[in-house]
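Taking it in order: structure first as structure tokens, then the write-up.
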Amino acid sequence: MIRAARLLNLRRIRLQPLRAVLAVVAVAAGVALGVSILVVSNSLKHSYATFGRALAGPAQLRVVGAAARGGLDQGVLPAVQRTPGVAAAVPVVQAVTFVGGPDPSGNHRSRGATILALGVDCSVQAFTGPQGCSPEAIAGARDTDPPLLSSKLARFLGPQGIIRTDLGRLSLNGAATVDRLDTLNGGNVAVFPLPVAQHVFARPNRLDAIYIQPSPGTQVSELRPRLEKAVGGWNGVLTSTDPPPGATVVLNGFLPLFSMLSVFGIGIAVVLVYDTVALSVEERRRDLAVVAALGGTARTVIGGTIAEAAVLGMAGGILGALGSLVLARSILKTLSDFSVRFTGVPITVHGGATPFVVGLVLGIGLAVLAAWLPARRVMRMDVSAELSNREARDEAAPALRLRRALLYAGTGGIALVVCWLAQRDGALSKWQPPAGELAVGIASAAFIVASGAFAPLLIGLWRRRGGGRGAPSRLGLANLVREPGRTATMAAAVAAPVAVAFIIASFVSSIHHAVTDNVVQNSGSNVRVSTVPVNNSINIDSRLSPAVIEGLRHVPGVARVDRASALLAGHGRNDLIGVVGSENPDRLPFRVFRGTKDLGRFERGEVLVGANLAREENLRAGSRLRLPTPAGWQYVTVQGVWENGDFNGRAVSMPMSLLERLYGPQPAQEAFLHPAPGVSPDRLVDNVYKAQLDPALQAQTPTVLARLISRDIKGQFASFWAIQRALLLVAFVAVLATLLLVAVQRRRELALLAAVGMRPSELGRMVLLEAVVVGVVGTVLGAVFGVGMYLALQQVLPIVIGFHDPFRLDPSAIPTWGVVATVIVVVAATWPAWRTARVEVLENLQYE
Amino acid sequence: MLRLEGVKKAFRRGREEVVALDGVDLALDAGEFLALVGPSGSGKSTLLHLAGGLDRPDAGRVLLDDRDLSTLSAGDRAQLRRRQVGFVFQFFHLIPTLTVAENVELPLVLDGRRNADGRVREMLNRVGLNGRADHLPGELSGGEMQRTAIARALAAKPRLILADEPTGNLDSATGAEILDALCDQVDAEGTALLMVTHDADAASRAQRVLNLRDGRLE
């Protein structure tokens, strides 16, 4: 059987390379999309682990607090030091903040960076070795003394650099440098004395972590539970390479979304590979019938086809693994920006061998899965009929094709219904999220297959209505109708990138409208002020200082200043909660699924929780939610579950006073200025800037705020556009290889056309017209079924990311990307058209 | 060695049922050359395929060495075709990606036989294609392709050859050569040969000629 497989199947790969390329590229596309998520996940873990090792040195464990920012009470330190097996316990403040300054080269530009600001005392010498630190120097350090900098950072900033703290700006002029710090976080680090860090970064008697060095002979596995008992369950004990708690927001927020997209991409790849293999097997029906006539068994035929698919799958898997690194780089650019804001740690691509191993296995699996059905179908063919040219190809029957197309579309429709069911009532039941995610995958695959299946039917309808004038166009249309399998493959390949572009553009538009409506409605005429970016800034320690808050109260036109702040509570991947505090809210904006959103009860401390948190913690109106705080476990009463998507739907909203009661005084992340009567928001913004309270202070009217937020979110879609480009490449290869196959297979027919008088230019034009028709029809079907895919995603995404965006289509993407896709397939058809025009008449009419 | 008893076979073409064979009885002994003639659509190829176990009759029996082919599994019938039956088709049906030698070797490869080079060389020698062993079918003339097909059909030393219009696509001189090769096989090895043909000259080489019309033997 091995030799038979080598002769009949593997030989084909060598002799018909373009066909192989098509299958390999389709597999590679699916593998790249799937494995890129693995690369992203590994890169995140590797980057955090590398950072953790660099920061902690020989420390193997660390104690973290109830909240990501100053969540560890300093009183825990003695308990940690007393724990048997602890040789050293080093308290640390880890803040994320900004540095900046004029460009040292003097070109009148400014430059800045997000860095990690550490606060340590002399106990850090247990890890670093003697550094000449003295407790007196630590105790006597002033808030105005510049921190230690890495040499790299000092050169970057120059002598006029500044660092931002929660008390304002601090000059870095005269800062001492330490070369060793260049190896930590890429040199983006500053080191303060611990008491100074606690003061300037608003962590009175609080820490972010205590790094632990075990005593010699102590097993980490034994020490960890002892420490957990010593510090209390509201605090956590992590290994030094575990990612910081804020990183979980990155993982929990983006990875499920990208995973869903990769499932979508894998679905498309399976469809393309299936079509390719089915075409290839279909094309070899006669040969396979001969093999059966000569005594080949089912095992030989199926085994050989599967072996061929596996070889192509291997090649596609390795190519896909390479592609995954490229795609991951694009995705990680977005995630790194996010990570730097949340943890100060940038993310770099880390591949290693794993993507290649997984890519290989996934590629083989995809290809074999896609080849299985076509191989089995061939085994059921009527050999005698095939050899007698009596075999009626089922696929040619329009009625059967229509039934199949409707079946695929119907499957997508049913999956849509499941998506709708999965998101109902905030998806508060446990079955809803997995059902929704699965239904999105099925809907996407079904609609892409349906777009291919409807293509020959649509073209047939066009043809019957008199489409096509002149022989080339009429013959081209006839060819497309006569070979529905090939037409479906090409049309689906075009429909996929058009649909994805349509979906992305629609989501961008939808999110923009949602953000605008939300912000404008809920802010009224209030002006937002802050010293941190508008989005994802919860962990940045560059907040509004008390002096600035006081100054804002005296800005002309300000009737009232309300502070707002948020923090991340918890420390494990599955227990992070966003705690959001706001002063004097005018209204509670989001829709309620359960319970109430009464303002009076809110002010009295009855909180509102997001849907994902409610589902995972079984919370309803009246439930008591347990929160980890520096002082231990605290309980709050839930008055309602609402549609707030912050922190992927795991936010607890409460009055600012309760937040500070639970977590201590919090510097304001942002403040909302209520204008005095007769003062417009725009005028108020002007007044704020005129007051010159802080160079980093930004003020935004609701309209401007909405624009900034949606622009920030739009930037995060860059990775998704990268996926769409990859699908355009697949479309190019699909059309190129399919039309080349056709040119070879139809050579007798083409020779006959030439023999009866069709000009070479007309032959070539016929092929180009086929590509144009496929491009147009694929675009139309991609748009139509793209609506279905968008609807499926729009229903289920709130379960993943927490926010519900309105259904809003942006059709502008369709003509743009439809034209691009059509141009691409026409370019792909150029070479097949040229070959077709040069068909050798006599040679191809001689023998079969 | 081959017997057809009351064999009937019909096909569906759209809504219409076409009767290909309507109660055919036929017997063929070892070493016998039987020609089957008849107009197009008379059921000749269908009869050949039933004899080779490629299809099952709707009624009646096909017996090869007293074994009813319709009672055999698909695997057993495939084995039978590999070892006892050789097919020669009108349109050659060579695998285009295999060389001449590999096409000839194919039945042996499918049967899992190793070290078949000697047998392949012998067959190529017999049909005069030793010099074309490494050529692909696309590089051969029609006569060479049909001789390759014959060598393939004989490679496994079958006891029955089923030839479907073996000279249909060849000129008369080449056709005569092909018939010579087939007749030599019958005479030398005692192989039974059932040949379907339009060609009167080809039919005249047979020991017996039967006429098939409208699914019945006359």
Side-chain angles (χ1 to χ4, degrees), chain A residues 1-17 19-20 280 283-304 308 379-392 396-397 399 744-745 747-748 840 843-844 846-848, chain B residues 9 11-14 18 20 45-46 48-50 52-56 74-87 89-99 102-103 105-114 116 136-138 140-142 145 149 152-153 155-156 162 164 169:
Chain A
M1 190 171 116
I2 294 174
R3 182 154 161 75
R6 248 186 338 118
L7 284 177
L8 296 169
N9 299 96
L10 302 185
R11 173 78 61 87
R12 275 198 177 257
I13 297 174
R14 188 167 54 82
L15 292 176
Q16 290 163 337
R19 203 167 308 172
S280 178
E283 189 201 26
R284 277 184 269 168
R285 283 176 78 92
R286 180 62 55 82
D287 291 347
L288 293 173
V290 170
V291 169
L294 296 178
T297 59
R299 215 166 62 127
T300 306
V301 172
I302 292 181
E308 184 182 343
M379 277 321 301
R380 287 200 291 270
M381 80 171 150
D382 186 337
V383 174
S384 172
E386 184 64 36
L387 292 174
S388 307
N389 289 327
R390 204 181 351 104
E391 174 82 327
V744 167
Q745 251 198 311
R747 59 189 184 283
R748 275 175 64 84
E840 291 285 345
E843 181 188 314
N844 289 298
Q846 268 183 341
Y847 291 113
E848 186 196 38
Chain B
K9 183 71 182 178
F11 301 103
R12 194 156 279 285
R13 273 218 174 96
V18 175
S45 296
T46 304
L48 223 57
H49 292 165
L50 289 172
L54 283 179
D55 204 351
R56 284 190 161 117
D76 288 340
R77 283 185 285 131
Q79 187 188 67
L80 196 125
R81 286 196 296 278
R82 287 198 301 272
R83 295 180 182 176
Q84 296 194 43
V85 179
F87 271 98
F89 301 99
Q90 178 183 3
F91 292 107
F92 326 129
H93 287 329
L94 299 178
I95 306 295
T97 51
L98 301 183
T99 63
E102 287 166 344
N103 266 287
E105 192 192 6
L106 189 54
L108 305 174
V109 169
L110 292 173
D111 203 32
R113 293 194 214 176
R114 296 180 188 190
L136 292 171
L140 305 178
S141 68
M145 281 200 274
R152 181 179 67 186
L162 301 171
D164 191 352
N169 269 346

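A note on names: the letters A, B, ... follow the listed sequences, proteins ahead of strands, and every chain is numbered from 1.
Across every non-hydrogen atom of B:Leu54 and A:Ala293, the tightest pair is CD2-CA, 3.5 Å. Taking both residues in full, the closest heavy atoms of A:Arg3 and B:Val109 are given as NE-CG2, 3.8 Å, listed atom of the first, atom of the second, then distance. Across all non-hydrogen atoms, the minimal contact from B:Ala78 to A:Gly296 is CB-O, 4.1 Å.
The part of B:Leu94 that comes within reach of chain A is its backbone (N, CA, C, O), which places non-hydrogen atoms under 4.5 angstrom from that chain. Interface residue B:Arg152: only side-chain heavy atoms are found under 4.5 Å from chain A. The contact between B:Leu98 and chain A is made by backbone and side chain atoms together, counting heavy-atom distances below 4.5 Å. Only the side chain of A:Arg11 comes within less than 4.5 Å of a heavy atom of chain B; its backbone N, CA, C and O stay farther away.
Note that OG1 of A:Thr300 and CG of B:Asp111 are 10.0 Å apart. Values are rounded to the nearest 0.5 Å. Distance CG/A:Leu8 to CG/B:Leu110: 6.5 Å, rounded to 0.5 Å. Summarising the geometry, atom CG belonging to A:Asp287 is positioned 6.5 Å from atom OG1 belonging to B:Thr97; distances are rounded to the nearest 0.5 Å.
Heavy-atom pairs under 4.5 Å with chain A were tallied for B:Leu48, B:Ile95, B:Asp164; the largest tally goes to B:Ile95. When each of A:Leu294, A:Val291, A:Leu7 is checked for heavy-atom pairs under 4.5 Å with chain B, A:Leu294 comes out on top.
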